[in-house]
Protein chains: 4
Amino acid sequence: MRQERQEKPAARTSATPRRQARGERRIAQLLEAAAGVFCKNGYAAASTNSIAKEAGVSPGTLYQFFPNKEAIAVELGGQLLQRANEMHGQAFLPENLCKPLPELLDAVLDPVIAFNCENPAFWALMHGSGVPGITQGHEALHDGLLTRVQGVLRTFCPDATNAELNLTSNMILGIFKSSLDLILATEGAERAAYVAELKSVLLRYLEPMVTTTPTAP
Amino acid sequence: MRQERQEKPAARTSATPRRQARGERRIAQLLEAAAGVFCKNGYAAASTNSIAKEAGVSPGTLYQFFPNKEAIAVELGGQLLQRANEMHGQAFLPENLCKPLPELLDAVLDPVIAFNCENPAFWALMHGSGVPGITQGHEALHDGLLTRVQGVLRTFCPDATNAELNLTSNMILGIFKSSLDLILATEGAERAAYVAELKSVLLRYLEPMVTTTPTAP
Amino acid sequence: MRQERQEKPAARTSATPRRQARGERRIAQLLEAAAGVFCKNGYAAASTNSIAKEAGVSPGTLYQFFPNKEAIAVELGGQLLQRANEMHGQAFLPENLCKPLPELLDAVLDPVIAFNCENPAFWALMHGSGVPGITQGHEALHDGLLTRVQGVLRTFCPDATNAELNLTSNMILGIFKSSLDLILATEGAERAAYVAELKSVLLRYLEPMVTTTPTAP
Amino acid sequence: MRQERQEKPAARTSATPRRQARGERRIAQLLEAAAGVFCKNGYAAASTNSIAKEAGVSPGTLYQFFPNKEAIAVELGGQLLQRANEMHGQAFLPENLCKPLPELLDAVLDPVIAFNCENPAFWALMHGSGVPGITQGHEALHDGLLTRVQGVLRTFCPDATNAELNLTSNMILGIFKSSLDLILATEGAERAAYVAELKSVLLRYLEPMVTTTPTAP
DNA sequence: GATGAATGAGGATTCATTCAT
DNA sequence: TATGAATGAATCCTCATTCAT
């Protein structure tokens with residue numbers, strides 16, 4: 001019902017009264033706690049009280065900043081999503097896109113994988129929250145990625161139909177996701193091996209489709 | 001209304017009290033209802049009362065046949081698991097395994113995909129029930145599949161190390177799972193396209209590894 | 001509340017069709033099972049299903065003979081009560097009542113104690129069922145005993161007021177009950193010691209009240 | 001589960017947040033309500049919702065302070081037990097123990113009887129809760145009383161064996177308990193009469209055993 | 001009569017959310 | 001604002017009792 005609190009952090013300027021600085025800290029605190037709890041038990045099993053306790057505040061305080069449990073997940077997902085999108089923006093930089101496929105895969109996958117390794121809550125949330133607000137964010141993320149991937153593919157396969165590109169992009173994302181599961185579940189050399197294997201799968205999958213060598217614009 | 005003659009002919013002898021036939025039907029009914037509800041909402045969000053209602057019985061009836069919510073999931077998962085394993089047994093028949101890779105992929109993937117399309121609850125349950133009894137079954141299934149896949153791979157790549165085989169098998173399963181998501185989320189021609197694409201991905205991934213053409217024993 | 005089925009077993013004659021003989025056996029079976037279950041867990045914790053199972057019949061069968069759970073306890077209590085009253089009738093025989101106090105105590109207490117040792121369910125039921133129907137039976141038993149005890153006391157203390165007799169009788173019964181707890185909780189020599197101690201307590205309590213030596217009529 | 005509330009009332013200083021004062025009151029309120037309900041219906045038949053309603057709060061509130069139904073009984077029993085033990089400590093004061101038997105009985109029994117009359121829930125709980133936590137406390141209480149009684153007896157009967165003392169003590173406690181039932185079931189003059197009768201029974205039971213007149217140390 | 005499935009109200013417990021201080 | 005108590009609907013599960021066969 002209540003939706004009053006929705007100011008983006010970006011909107012805050014240095015002129016903001018320091019009264020609200022504490023509030024910002026509280027929100028960050030709560031989101032961090034939520035990330036931990038969601039990660040451990042998943043969204044459904046996480047109770048607002050446990051999040052509050054993890055954050056070291058009372059449940060009442062939590063509800064001073066978030067209208068309900070879903071809003072926490074949405075905000076957390078949103079922030080991570082934003083950072084993810086920034087990542088993607090850099091990963092899909094034009095200067096990367098004109099590289100040959102192997103280098104391109106490195107340039108795109110490495111930062112994305114790194115981001116997910118550093119923010120495991122992201123994956124946990126996106127996966128199976130069942131919360132509309134998040135699913136929506138997830139879909140936005142997915143669509144964004146899809147578009148980017150399709151864009152890249154287009155430069156490699158100028159003759160492909162849109163349907164083909166869509167199909168292939170979805171497969172690529174699927175392969176990426178399932179590999180990410182393996183990557184996040186392992187460590188060290190094994191993790192590196194899965195990363196290499198992911199690139200190998202994608203390379204072999206995509207190479208036969210490539211009809212053009214992209215060149216710098 | 002009533003369907004007295006519907007029990008399995010083989011298992012039921014004249015000594016078996018026909019009273020219990022109703023119980024058998026109820027159990028099947030409840031499991032089917034549970035499959036639907038689990039599929040829609042996932043295990044955690046599914047309430048026993050909603051399962052009972054879906055099955056058209058009272059909550060007490062449900063508890064006459066299952067001691068608790070988890071037991072329903074375990075039983076359902078177990079039955080599906082068993083049928084899945086039988087599928088796999090047929091899919092990985094030796095006569096299939098000596099075929100060339102493309103035919104092999106058809107022979108193995110088609111029945112498994114068909115099974116999952118017919119039993120979407122299977123995937124939903126295996127995925128994220130959080131129920132130990134199922135997770136365990138899931139792991140058994142996974143390990144079983146892994147072993148089978150490794151066995152096949154071994155015949156194609158006799159020189160690979162065990163670690164390599166393990167890595168590759170896990171990737172194959174991961175790719176299969178993520179494609180299954182796409183397959184289950186679509187229908188008709190699109191679904192068929194994803195099936196074809198899955199085979200394509202696997203074929204291109206595996207072909208370079210093949211060092212031997214397996215022959216019938 | 002419901003009391004439809006209330007025919008006393010005593011009312012059955014040899015002319016009764018043997019069809020009902022099975023019913024009688026069933027009832028006895030069920031009552032015996034109930035005695036065991038009530039004894040183990042107490043009335044409240046005993047479920048009708050557990051009684052039925054203990055008796056080796058289905059719950060439906062149980063309800064063919066007893067309208068509800070309470071009726072089982074009432075019937076069981078009633079039967080034991082009847083046998084108890086027969087005991088008491090013999091224990092309080094006139095030929096016993098004219099004995100001197102020590103012999104009288106032996107004559108009265110020994111059979112009563114023996115009965116309770118052989119029928120522990122009796123005590124368990126009478127004690128704390130909380131069921132009106134039983135409490136009622138218990139009170140009838142209590143009142144009957146009270147009357148008998150008062151009758152005996154009267155012969156020993158012809159000058160006592162009714163209030164005094166009532167008071168004393170209640171104390172005697174109370175002492176008896178608490179001692180019975182100790183007696184039932186022990187065995188062998190210890191049990192015998194408690195029996196002796198009970199008699200000792202009563203003897204010392206009553207002796208100072210005795211004003212007349214009763215003589216045979 | 002719950003660990004928060006454990007400070008003794010004495011421990012509350014001005015530094016203690018007064019927020020929690022309300023909690024303390026609620027707990028007392030709930031325990032009082034529980035005492036009433038347990039008294040009326042016994043432990044098993046008492047529902048947590050009825051306790052909450054009796055206390056004028058919602059079921060959730062009850063569970064904010066007690067993890068489950070049993071904990072309520074254990075806490076209530078524990079508090080009463082503690083107060084009972086304090087009573088006993090005063091009742092069995094050395095200065096009482098060197099009095100002649102009649103005065104001793106007055107000194108010991110009167111406060112204990114008074115306590116039970118003021119806290120009828122105590123007896124109800126101790127009796128037949130079936131709760132391990134309470135049964136345990138009950139046994140501790142019983143054993144403590146037994147020891148105290150034996151201690152007193154020892155001063156009166158220096159020559160008795162331990163077995164004899166144990167037997168006698170158990171009888172005394174049994175007589176006391178059964179009389180307490182009568183005392184709690186009556187009022188006014190009748191109650192007083194039962195109290196007097198109890199003392200009379202014990203006096204007559206014990207007098208013949210006394211071999212020594214205890215003197216102040 | 002016997003059976004065992006069916007019923008459904010009721011009880012313990014949880015947790016997202018609100019309120020008084 | 002922060003706190004923690006308060007709320008109550010919803011959930012899992014039980015069991016006395018009834019019903020269809």
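Side chains included, hydrogens not; waters and symmetry mates left out as well; all remaining heavy atoms used. A note on names: the letters A, B, ... follow the listed sequences, proteins ahead of strands, and every chain is numbered from 1.
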For this session: Identify whether any heavy atom of B:Ala45 sits under 4.0 Å from a base atom; if not, whether one sits that close to sugar-phosphate; answer base, sugar-phosphate or nothing.
Result: nothing

Per atom distances to the D:Val57 side chain, the nearest of F:dA16, E:dT17, F:dT7 is F:dT7

_In terms of relative ring orientation, are D:Trp123 and D:His138 parallel, tilted or perpendicular, with 30° and 60° separating the classes?_
perpendicular

From CD of D:Glu24 across to P of F:dA6 the rounded distance in Å is 12 Å

Rounded to whole Å, the CD1-P distance (A:Ile72 to E:dC15) equals 15 Å

When rounded to whole Å, the NZ to P distance for the pair D:Lys69 and E:dG10 reads 16 Å

By nearest-heavy-atom nucleotide on DNA chain F, the more 5' of A:Asn49 and B:Ala46 is A:Asn49

Side-chain contact check for D:Tyr63: nearest option of F:dC12, F:dG4, E:dT13 is E:dT13

In Watson-Crick or G-U wobble terms, with both distances under 3.5 Å, the base opposite F:dA20 is E:dT3

Out of E:dT13, E:dT17, F:dA6, minimum distance to the side chain of D:Thr61 belongs to F:dA6

In whole angstroms, the gap separating P of F:dA16 from CG of C:Asn41 amounts to 12 Å

Against the side chain of D:Pro59, the closest entry in F:dG8, F:dC12, F:dT17 is F:dG8

Atom CG of A:Leu62 and atom P of E:dT18 are separated, to the nearest Å, by 12 Å

ask   = What is the nucleic acid contact for C:Ala52, judged by heavy atoms within less than 4.0 Å: base, sugar-phosphate only, or nothing?
value = nothing

Below 4.0 angstrom from OP1 or OP2 of F:dG4, is there any side-chain N or O of D:Arg26? no

Heavy atoms of D:Leu30 and D:Val57 approach each other most closely as CD2-CG2, 3.9 Å

Rounded to whole Å, the CZ-C1' distance (D:Phe65 to E:dA12) equals 18 Å

A:Gln64 CD to E:dC19 P, in whole Å, measures 13 Å

D:Tyr43 atom OH is separated from E:dG11 atom P, nearest whole Å, by 14 Å

Checklist entry - Within the structure, does a side-chain N or O atom of B:Thr48 lie under 4.0 Å from either OP1 or OP2 of F:dC12? => result yes

Quick one: does B:Lys69's side chain have a donor or acceptor within less than 3.5 Å of a partner on B:Ala44's backbone?
-> yes

(Q) Taking only side-chain N and O atoms of B:Ser58, does any of them lie within less than 4.0 angstrom of OP1 or OP2 on E:dT7? (A) yes

Paired with C:Gln29, the side chain to side chain donor-acceptor pair (under 3.5 Å) test is passed by just one of C:Arg26, C:Glu32, C:Arg25, namely C:Arg26

